[in-house]
Asker: 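Questions regarding the structure given below will be posed in turn.
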Amino acid sequence: MKPITKKIITIGVFLAVVAAITVTIILLTQETPESLNSYGIRFVYADEYDASIEDYEVGAFETYEEFSKSKWANAKVDGFDESLKDSYYTNRYFKEKNLVIIAFNQEYRDLHFEIVDEKTAGDRCDLSAVVLYDVPRSPFVPNEDGYVVRFENGEMHSYLPEDVPKNYVGTHEVSNSKGNTTYYYLYETEESLAKEYTFTIVAEHFYGCKSQIYARNSFEAVLMPDEETPVTYRFGSKAEADVFVAEDPYFERFFATIVTLKANVQNGIDEHDVILVRFPAPANEFSQQGAYLEGTELLLWNVESNEKSLLKGEASYVVIFTVPKGATIETLRWVSYRGENSEPRIEENVYNLVRDDNSTIEKHKTEIRA
């Protein structure tokens, strides 16, 4: 190799090393951009109750300067130690997104809300929501020391049986603690904001246990054949529930559902009948369903989640709950809320119950009411 060639190669290697070191120094000394905290659209509760809110209040913000001067900037939510402007919605957030806050009051704590309709026309956006209450899943049973233990507002409380708080919404006893609470609906968006927002709670529903979807795995939903409309079963004793589990060709494959059924049967079967409803709905592992008795009508509700589901197509669901012993059930009303991006968004059907005389236990099929 000629000396001049050696020299050129040496210089080239040296320059490459210098360039690599320079790039490394620049990358190490450069300020890392602050990551954007995106908490998503959600309902939260405020640490402090705002008695000044009569119906609802709306705050719409496109800049941090606007938000930081608002009444909500220093608010704390969900027991968080820092204010909204110091934790969630910093100057960095408003460089990429806009924010709408809808504040409203309720007289019960720990409620769950779902947006079920969103209509935008011109410069106005109308939002509709349902509120969901928990009902006791089973009668309160004293422990070995004679106390009833309940989980309320993030803490465990012990009561003598006669002192257990009983909260009612209409005629329904609920597990939610009674206490004035301010809730916020936090709507994060990259789109331009509307000039006007309205907020309406269109329905209140109750659930005593979360429903379960029939699925073999995260990708395969199961739809029961010949059950295009809801089917109901009623158990007045543990023996009847055992017969159902033994005879039903599908139920025994889903262990979690058997556990739920047994838990309901074993608690208060002498005072209550256990109702099982199986019904088809769009497959979505994040959706919510529930049922309860309203007079002589069984009300079944379904709220489709807007979260992306791994499951596709239709699936069968089951919901299990209790009713007073001997209660009369004449009809079934199914209310379905499809979420904000599908049509129809709110659908309601009423069914007559038709007794299946071929079943060894009380079973009703349903026919849509004309």
Asker: Keeping Asn105 on the side-chain end and Ile53 on the backbone end, is there a donor-acceptor pair under 3.5 Å?
Answerer: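 Indeed, once roles are kept as given, a pair shorter than 3.5 Å links the two residues.
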Asker: Can you confirm whether more than 12 heavy atoms, excluding those of Lys238, are under 6.0 Å from its NZ atom?
Answerer: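 No.
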Asker: Indicate yes or no for a side-chain donor-acceptor contact from Ser316 to the backbone of Met224 under 3.5 Å, with no hydrogens or angles considered.
Answerer: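 Looks like yes, one N/O pair under 3.5 Å.
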Asker: Examine Val245 and Phe235 and state if one hydrophobic cluster contains both, with Ile, Leu, Val, Met, Phe, Trp and Tyr joined whenever side-chain heavy atoms are less than 4.5 Å apart.
Answerer: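 Linked within one cluster.
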Asker: Using the side chain to side chain donor-acceptor pair (under 3.5 Å) rule, take Thr360 and Glu247 through it: C-alpha gap first, then chi angles, then the decisive distance, then the call.
Answerer: CA-CA 9 Å; Thr360 56; Glu247 293 184 353; 2.9 Å; yes
Asker: Keeping the roles fixed (side chain from Thr90, backbone from Asp86), state whether a donor-acceptor pair exists under 3.5 Å.
Answerer: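 Such a contact is absent between Thr90 side chain and Asp86 backbone.
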Asker: Verify, without hydrogens or angle tests, whether Asn176 (side chain) and Asp134 (backbone) share a donor-acceptor contact under 3.5 angstrom.
Answerer: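 Yes; judged by distance alone, with no hydrogens or angles, the pair exists.
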Asker: Hey, mind stepping through Tyr337 and Glu347 against side-chain contact (heavy atoms from CB on, under 4.5 Å) and telling me if it holds?
Answerer: CA-CA 7 Å; Tyr337 304 93; Glu347 181 182 3; over 6 Å; no
Asker: Does Leu127 belong to the same Ile/Leu/Val/Met/Phe/Trp/Tyr cluster as Ile346, with side-chain heavy atoms less than 4.5 Å apart forming each link?
Answerer: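 Hydrophobic grouping puts Leu127 with Ile346.
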Asker: Do Leu186 and Ile101 have side-chain heavy atoms sitting under 4.5 Å apart?
Answerer: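 With C-beta onward as the side chain, the pair touches.
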Asker: Quick one: pull up NE2 in His205 and CG in Leu132 and give me the separation to the nearest 0.5 Å.
Answerer: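 The distance works out to 7.5 Å.
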Asker: Verify whether the ring centers belonging to His172 and Tyr292 lie closer than 6.0 Å.
Answerer: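 So the answer is yes for these two rings.
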Asker: In terms of hydrophobic clustering (I, L, V, M, F, W, Y; side-chain heavy atoms under 4.5 Å; direct or indirect links), are Ile361 and Val354 co-clustered?
Answerer: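 In one cluster: no.
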Asker: Would you say Asp81 has more than 12 foreign heavy atoms packed within less than 6.0 Å of its CG?
Answerer: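 No, not enclosed.
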Asker: Identify whether the distance between the nearest side-chain nitrogen and carboxylate oxygen of Asp356 and Lys363 falls below 4.0 Å.
Answerer: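 Yes, Asp356 and Lys363 are salt-bridged.
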Asker: Mind checking whether Val319 and Leu300 have side chains closer than 4.5 Å, heavy atoms only?
Answerer: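 With C-beta onward as the side chain, the pair touches.
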Asker: Is the shortest distance from a Lys or Arg side-chain nitrogen in Arg338 or Asp117 to a carboxylate oxygen in the other one below 4.0 Å?
Answerer: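 Not counted as a salt bridge, because no side-chain N and carboxylate O are separated by less than 4.0 Å.
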Asker: Between the side chains of Gln288 and Ser211, does any donor sit under 3.5 Å from an acceptor?
Answerer: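 Short answer, no.
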Asker: Quick one, Glu304 and Pro282 - any side-chain contact, counting heavy atoms below 4.5 Å?
Answerer: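 Yes - at least one pair of side-chain heavy atoms lies under 4.5 Å apart.
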Asker: Under the ring pair (Phe, Tyr, Trp, His ring centres under 6.0 Å) rule, what do Phe199 and Tyr187 come out as? Steps first, then yes or no, please.
Answerer: CA-CA 12 Å; Phe199 178 75; Tyr187 181 59; over 10 Å; no
Asker: Considering residues, nucleotides and ligands other than Glu144, do more than 12 of their heavy atoms fall under 6.0 Å from its CD?
Answerer: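 At most 12 heavy atoms, drawn from other residues, nucleotides or ligands, come within 6.0 Å of this atom.
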Asker: Taking C-beta and beyond as the side chain, do Tyr45 and Asp78 meet within less than 4.5 Å on heavy atoms?
Answerer: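 Tyr45 reaches Asp78 side chain to side chain.
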Asker: Run the side-chain contact (heavy atoms from CB on, under 4.5 Å) check on Val303 and Val130 step by step: do they pass?
Answerer: CA-CA 9 Å; Val303 176; Val130 295; 4.2 Å; yes
Asker: Yes or no on salt bridge (Lys or Arg N to Asp or Glu O under 4.0 Å) for Asp47 and Lys76, after CA distance, side-chain angles and deciding distance?
Answerer: CA-CA 6 Å; Asp47 276 8; Lys76 296 179 180 179; over 6 Å; no
Asker: Atom CD of residue position Glu228 - does it have more than 12 heavy atoms of other residues, nucleotides or ligands inside 6.0 Å?
Answerer: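 Incorrect, the count does not exceed 12.
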Asker: Look at the rings of Phe67 and Tyr64 and say which category their plane angle falls in: under 30° parallel, 30 to 60° tilted, over 60° perpendicular.
Answerer: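 Plane angle between 30° and 60°, so tilted.
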Asker: Does this structure show an ion pair linking Glu57 with Lys71, if we count only N-O contacts that are shorter than 4.0 Å?
Answerer: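 So Glu57 pairs with Lys71 through a salt bridge.
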Asker: Between CD of Glu362 and CG of Leu276, what distance do you get to the nearest 0.5 Å?
Answerer: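 Going from CD on Glu362 over to CG on Leu276, the span is 12.5 Å.
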Asker: Got more than 12 heavy atoms from elsewhere within 6.0 Å of OH, Tyr56?
Answerer: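 For Tyr56, atom OH is crowded (more than 12 foreign heavy atoms under 6.0 Å).
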Asker: Could you give the distance from OG1 (Thr232) to CD1 (Ile329), rounded to the nearest 0.5 Å?
Answerer: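 Thr232 atom OG1 to Ile329 atom CD1 measures 7.0 Å (nearest 0.5 Å).
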Asker: Indicate yes or no: does Lys365 engage Asp226 in a salt bridge with an N to O separation below 4.0 Å.
Answerer: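 Salt bridge between Lys365 and Asp226, a charged N being under 4.0 Å from a carboxylate O: no.
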Asker: What pair of heavy atoms forms the shortest contact from Leu353 to His364, and how long is it?
Answerer: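 Distance-wise, the nearest heavy atoms are CB-CD2, 3.8 Å.
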Asker: Using a distance-only test with no angle check, is there a side-chain donor-acceptor pair under 3.5 angstrom linking Glu297 and Thr331?
Answerer: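 Glu297 vs Thr331: donor-acceptor pair found between side chains.
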Asker: Establish, yes or no, whether a centroid distance under 6.0 Å links the rings of Phe43 and Tyr184.
Answerer: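 Not close enough - the centres of the two rings lie 6.0 Å or further apart.
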Asker: Would you indicate whether the side-chain heavy atoms of Ser336 and Glu348 approach each other to under 4.5 Å?
Answerer: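 With C-beta onward as the side chain, the pair stays apart.
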Asker: Can Ser309 and Glu285 be counted as having a side-chain donor-acceptor contact under 3.5 angstrom?
Answerer: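 A donor-acceptor contact under 3.5 Å links the two side chains.
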Asker: Please check if the number of heavy atoms outside Lys166 that lie under 6.0 Å from its NZ is greater than 12.
Answerer: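 Check passes, neighbour count above 12.
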Asker: Just so I know, are the side chains of Tyr108 and Val174 near enough to count as touching, which here means a heavy-atom distance under 4.5 Å?
Answerer: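 They are in side-chain contact.
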Asker: Where the side chain of Thr181 meets the backbone of Gly179, is there a donor-acceptor pair that is under 3.5 Å apart?
Answerer: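 Present.
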Asker: Set out, in order, the CA-CA distance, both residues' side-chain angles and the distance that settles side-chain contact (heavy atoms from CB on, under 4.5 Å) for Tyr147 and Tyr159, then state yes or no.
Answerer: CA-CA 5 Å; Tyr147 289 92; Tyr159 299 95; 5.9 Å; no
Asker: Taking Trp301 for its side chain and Phe206 for its backbone only, find out whether a donor-acceptor pair lies under 3.5 Å.
Answerer: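 Judged by distance alone, yes, a pair lies under 3.5 Å.
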Asker: Can you measure from OH (Tyr185) to OH (Tyr197) and round to the nearest 0.5 angstrom?
Answerer: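 The OH atom of Tyr197 is 10.0 Å from OH of Tyr185, to the nearest 0.5 Å.
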Asker: Any idea how Phe279 and Tyr317 line up, ring-wise: parallel (<30°), tilted (30 to 60°), or perpendicular (>60°)?
Answerer: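 Taking Tyr317 first and then Phe279, their aromatic rings lie parallel (interplane angle under 30°).
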Asker: Under the side-chain contact (heavy atoms from CB on, under 4.5 Å) criterion, do Val116 and Val202 qualify, and how do the steps go?
Answerer: CA-CA 9 Å; Val116 294; Val202 295; 4.1 Å; yes
Asker: Give a yes or no on whether the backbone of Lys85 and the side-chain of Tyr88 come within a donor-acceptor separation of less than 3.5 Å.
Answerer: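 Here the side-chain-to-backbone pair does not exist.
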Asker: Indicate the atoms forming the closest heavy-atom contact of Ala283 with Ala221, along with that distance.
Answerer: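 Heavy atoms of Ala283 and Ala221 come nearest at CB-CB, 4.0 Å.
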Asker: Please determine whether the number of non-hydrogen atoms from other residues, nucleotides or ligands lying under 6.0 Å from atom CD of Glu62 exceeds 12.
Answerer: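 More than 12 within 6.0 Å, yes.
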Asker: Give a yes/no verdict on a cation-pi contact between Arg355 and Tyr233, requiring under 6.0 Å between NZ or CZ and the six-membered ring centre and an angle within 45° of the axis.
Answerer: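 Verdict for Tyr233: no cation-pi partner in Arg355.
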Asker: Is a side-chain N or O of Tyr207 found less than 3.5 angstrom from the main chain of Phe321, in a donor-acceptor match?
Answerer: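 No, because the side chain of Tyr207 does not come within donor-acceptor range (under 3.5 Å) of the backbone of Phe321.
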Asker: Identify which one of Leu332, Thr366, Ile368 satisfies the side-chain contact (heavy atoms from CB on, under 4.5 Å) criterion when paired with Asn349.
Answerer: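 Testing each of Leu332, Thr366, Ile368 against Asn349, the sole residue satisfying side-chain contact (heavy atoms from CB on, under 4.5 Å) is Ile368.
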Asker: Within this structure, what is the CZ-CD distance for the pair Phe104 and Gln106, rounded to the nearest 0.5 Å?
Answerer: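 Phe104 CZ to Gln106 CD: 6.0 Å, rounded to 0.5 Å.
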Asker: Any side-chain heavy-atom pair from Val100 and Leu193 closer than 4.5 angstrom?
Answerer: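 Result yes, sub-4.5 Å side-chain heavy-atom pair found.
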Asker: Could you check whether any side-chain N or O of Asn98 sits under 3.5 Å from a backbone N or O of Glu188, counting only pairs where one atom can act as donor and the other as acceptor?
Answerer: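 Between the backbone of Glu188 and the side chain of Asn98 there is no qualifying donor-acceptor contact (under 3.5 Å).
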Asker: Are the side chains of Pro280 and Glu227 in touch, meaning some heavy atoms are under 4.5 Å apart?
Answerer: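 A side-chain contact under 4.5 Å is absent here.
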Asker: Calculate, to the nearest 0.5 Å, the distance between atoms CD and CD belonging to Glu96 and Glu190 respectively.
Answerer: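 The CD atom of Glu190 is 7.5 Å from CD of Glu96, to the nearest 0.5 Å.
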Asker: Hydrogens and angles aside, do Asn302 and Gln289 bring a side-chain donor and acceptor to less than 3.5 Å of each other?
Answerer: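 The criterion, which ignores hydrogens and geometry beyond distance, is satisfied for Gln289 and Asn302.
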Asker: Salt bridge check: are Lys119 and Asp126 linked by an N-O gap of less than 4.0 Å?
Answerer: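 Here Lys119 does not pair with Asp126 in a salt bridge, since their nearest N and O are not under 4.0 Å apart.
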